Structures are given as C-alpha cells and as structure tokens.
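Structure first, commentary second.
Since we're looking at a predicted model, the values are computed, not measured. Chain letters run A, B, ... following the sequence lines, proteins first and then strands; every chain starts at 1.
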Number of protein chains: 2
Amino acid sequence: MDISVLHNSILFKGFDDTEIAELLKALNAAEKKYNKGAMIFSSGEITDKLCFVTAGGVTIESNDMWGNRTILNLVGKGQFFAESYALLPDVPMLVDVCAAEDCSIVFLSMKSLADLNDTIRARLLANLLTITTRKNLHLSSRSFHTAPRQVRGRIMAYLNTVSVQKHSREFDIPFDRQQLADYLNVERSVLSNELSKMQRDGLIRCRKNHFEII
Amino acid sequence: MDISVLHNSILFKGFDDTEIAELLKALNAAEKKYNKGAMIFSSGEITDKLCFVTAGGVTIESNDMWGNRTILNLVGKGQFFAESYALLPDVPMLVDVCAAEDCSIVFLSMKSLADLNDTIRARLLANLLTITTRKNLHLSSRSFHTAPRQVRGRIMAYLNTVSVQKHSREFDIPFDRQQLADYLNVERSVLSNELSKMQRDGLIRCRKNHFEII
DNA sequence: GAAAGTATGTTGTAATTACAACATTTTGGG
DNA sequence: CCCAAAATGTTGTAATTACAACATACTTTC
C-alpha cells in the first residue's frame, strides 16, 4: 500500500506515523486495484467505506437508462470520495463511480469510527469536516460551469476556473473530450465544434488537453 | 429569537436547553430579519457565520453579468446555509444568498468554535459533519435534475425526486415558475409551455405549485 | 511501420431552446 | 369589488443543440 500518499492526505493531517498505522488497522484499510473503465460503485449501492485514491483517478457520474453520462466530479490521486455515503450509511448511492484510468483505491470503514477513543475520533471528524466542506465547494463549482445556457459559455466558465486554480493562462485539463462534454453536459461533437470556433475566433488555443486562454 | 426551531435543529442534536443557551451566547448568535428579495450574502463576500433559517426561506443562487439566475438550492425553515464558507473562512463566496420570502436568519460565529471546550466542540463538529454531508447529497440531487438535456426530462427528474421525498404522487413544490426555471436551468416560458404539453399528454396535472404525477 | 482501434474533428438536418412580445390569470391593496 | 401589479401561459421566429454519419488524427500492438 502506498503509505506516503495517505500520510499527506487531509484525513490524517495532524496524526503521526504510529497513529496513522493504528488507524489504518482500526478502520480495516484495504487497497484494491481497478482497470480503466471498471465500475467501483454502482448507483443504489450502500457503503460505509470512505475511499481514497492512491493512484490514478475516478469519475463520479450518473448514467441514465438511455446511456447518457453526466460527470459530476473527477477525483484524483490524494483525494477522497464517497464520504457522504460513508457517513450516512443508510443512504443508497445516487451515482456511479468509475475508474477514469487504471487506479488504486484504499477503503476505510467508517462503521469502525465508533470503536475509536474520543480524542482520536474527534480529530478525525474535524478532518472529515474539511473533506466534506471542500467537496461541497467542488460540487458548487460544477454548477457554475454548467450554468451558462450556451456551450461556449460553459467552456469558458470551466477554463477560467482551471486557469485561476493553476495561476496560469496555459494549463492541462484532466478530461478528454468525451469526459469534458459529459462534465459540461453537452454533446461531444458540439463541444469539439465549439472549441474549433473558439480557436478561429482567437479566444483560446488548444491541442489535446493542453489549453491556453488568450 | 425563535428558540424552539433551533432546539430541533441538527446542529444542536444531543444538547440540552442549558447547553444550547450557553452555545448561542458563545457563538454570538444574532437574529436578523429580511424582506422578500433582500440579498443576505453577495458573491465574493467572506464570512465565518453559520446561518440558520428560523422563518421563511432563502435561495442559494448564482447571478451572472447578463442577469441570468441559477438557483442551486432552496433553504427552508429549520435548515442551515453557508456552512462551507463558515468553516473555510478564507474562501470567498461563489454564490449569492437571497430571501425567497420574508425571513429570519440566525447567524452563528464559527470563529468562536475555537474558544469552546474540547468535548462540546467535538459534539458540535460531529453535528456539523451531518449538516455538510446532507448538503452534499442535496447539491448532487440538483445535478440529476439538470442532467437530462431536454426540458421535459428535467421536469420529470425533479418531480420524481419530490414525489419520492413526500411519499405521494400529489404534492406541493417550494418553487414558483420562475424559480423552478432557474433551478432547472431552463427558460421560464419554455418551462410553462412544456408543463402545458405534459398536461395535454396526460403525464401530470398541476395548478400553481401543486403537482400530481399520473 | 502497417493495421486496428480509439479519440477527435467536421458537417448537415431535424429537433429543441432562447428570446421577445403579448394574452391571460392570479394576487394584494385600497 | 376594482385596480394595479405580479405571475403564468401562449405564440412565433431566430439561434442553438442533438444526433447521426463520416473524415481525420493519434495510439497501441503486433
């Protein structure tokens, strides 16, 4: 198991190596590998597992019965997912979680939280609170990216956010075209088309997933 | 101040009346009234206040420079808002908060959390965690309501959710037409038009904000 | 380095939505 | 009860998007 990534995670902030090792044991930490495209959770499942990405990345997505996919979030190395479902263990998942690329996930049983002593649990809960509040902001930002009614507006809203995050007008995005389309809730072909127009209009330059805002 | 609503809130679950009274003092609880349409927070503001609705309701919304409104959430009596910003006090708000109707809000200073004793703080943090995880699920559900590409799909996705929540095919929704349109991210006139068609098609019946799924 | 497979770009048409303008209904005072 | 204001419904047209079909480019594997 890749310990160093976990040690630097928000969850274990303020804990020393010994404590982390004990916690991993107490929470029944188990790592599992998935190939690109594999489904980690399906809509309707129940889980008490807090999940941590030690390698690769996963998409949180909703797939309707007509095969339309909506990507709500992309969770990369060093980040958590399913925290809401782990902490509210009677709520069935509303989403699917899929491996966006080959990846490794560590599962931590939140049911076992109850067995921890008060001090440790309090510190963990405080860190969990940070995780959930940040996740909230993440979910909100997707709403801003999909708020514009037109495709160009959505692309710009998204690219601007990434640009601000990376402190640069030039950056890579973590999505391929199909994923970006599913994230922005537009057709892939319409997205490709609009990106071409935006380049012709001198708004952006892009090649694969490298973008520059002009 | 309307104490009873606060006493039944998730935040104070497990606390007795004396403790709550002390906490309200320690967190500098202050109530303020707003008229319908008033702006409670504007995008870009910084706050450390956890906000609780004691009467009426507020909308969490994003307003772009062309006057387009997107409603992310409607927060009613007995619920909290701004918890993410209160707990991450350097993050400027991405949203506006407006009074959807005449309302009263209690503001609780999260900065003052640090002054509480460990036990009390731990219990509060655990309750805050419940608030943020539930808010996460709420934000997710809006994503499902706006996921369908077509207006009819969005309306049905939303109405189905409400129907399940209320355990009935007949129910009231908390939105007027303009709010529902801004929540589903569609034009008001298109929404009205589609609702008419859906009635003609025998899918639903509705009058004002009372709906029935057939 | 050729072939197969995957990802991305392009185009045309049908369907849908945006927007504006106006009609009708409902609501809240006076 | 009437009026004014607000909310909701209706309609037509221009603009945009969905969808399918295909072209091109890039990757991977043998």
* Any chance the side chains of B/Ser43 and B/Asp96 put a donor and an acceptor closer than 3.5 Å? -> no

* Classify the side-chain pair B/Glu31/B/Thr54 by whether it contains a donor and acceptor separated by less than 3.5 Å. => yes

* Minimum-distance pair of heavy atoms, taken over all atoms of A/Arg177 and A/Ser192 -> CD-OG, 4.3 Å

* Asked: NA contact type, B/Arg152, heavy-atom cut-off 4.0 Å: base, sugar-phosphate, or nothing?
  -> nothing

Using atom [atom1] of [X] as one end and atom [atom2] of [N] as the other, report the distance to the nearest whole Å.
{"X": "B/Glu101", "N": "C/dT27", "atom1": "CD", "atom2": "C1'", "value": "16 Å"}
{"X": "B/Gln150", "N": "C/dT16", "atom1": "CD", "atom2": "C1'", "value": "7 Å"}
{"X": "B/Glu194", "N": "D/dT11", "atom1": "CD", "atom2": "C1'", "value": "15 Å"}
{"X": "B/Asp182", "N": "C/dC19", "atom1": "CG", "atom2": "P", "value": "12 Å"}
{"X": "B/Ile155", "N": "D/dT8", "atom1": "CD1", "atom2": "P", "value": "14 Å"}
{"X": "A/Glu187", "N": "C/dA14", "atom1": "CD", "atom2": "P", "value": "17 Å"}
{"X": "B/Asn185", "N": "C/dC19", "atom1": "CG", "atom2": "C1'", "value": "16 Å"}
{"X": "B/Lys197", "N": "C/dA15", "atom1": "NZ", "atom2": "C1'", "value": "10 Å"}

* Parallel, tilted or perpendicular: which fits the ring planes of B/Phe171 and B/Phe211, with parallel below 30° and perpendicular above 60°? -> parallel

* To do: Using only side-chain N and O atoms of B/Arg149, determine if any of them is under 4.0 Å from OP1 or OP2 of C/dT17.
  => no

* Asked: Judged by atom type as modelled, is there a donor-acceptor pair below 3.5 Å linking the side chain of B/Asp182 to the main-chain atoms of B/Asn185?
  -> no

* Under 3.5 Å: donor-acceptor pair, side chain of B/Ser9, backbone of B/Val5 -> no

Please list, for nucleotides 6-9 of chain C, all pairs of protein and nucleotide N/O atoms separated by less than 3.5 Å.
residue: C/dT8; atom: OP2; partner: A/Arg177; partner atom: N; Å: 3.1
residue: C/dG9; atom: OP2; partner: A/Arg177; partner atom: NE; Å: 2.9
residue: C/dG9; atom: OP2; partner: A/Ser192; partner atom: OG; Å: 2.8
residue: C/dG9; atom: N7; partner: A/Arg188; partner atom: NH1; Å: 3.1
residue: C/dG9; atom: O6; partner: A/Arg188; partner atom: NH2; Å: 3.0

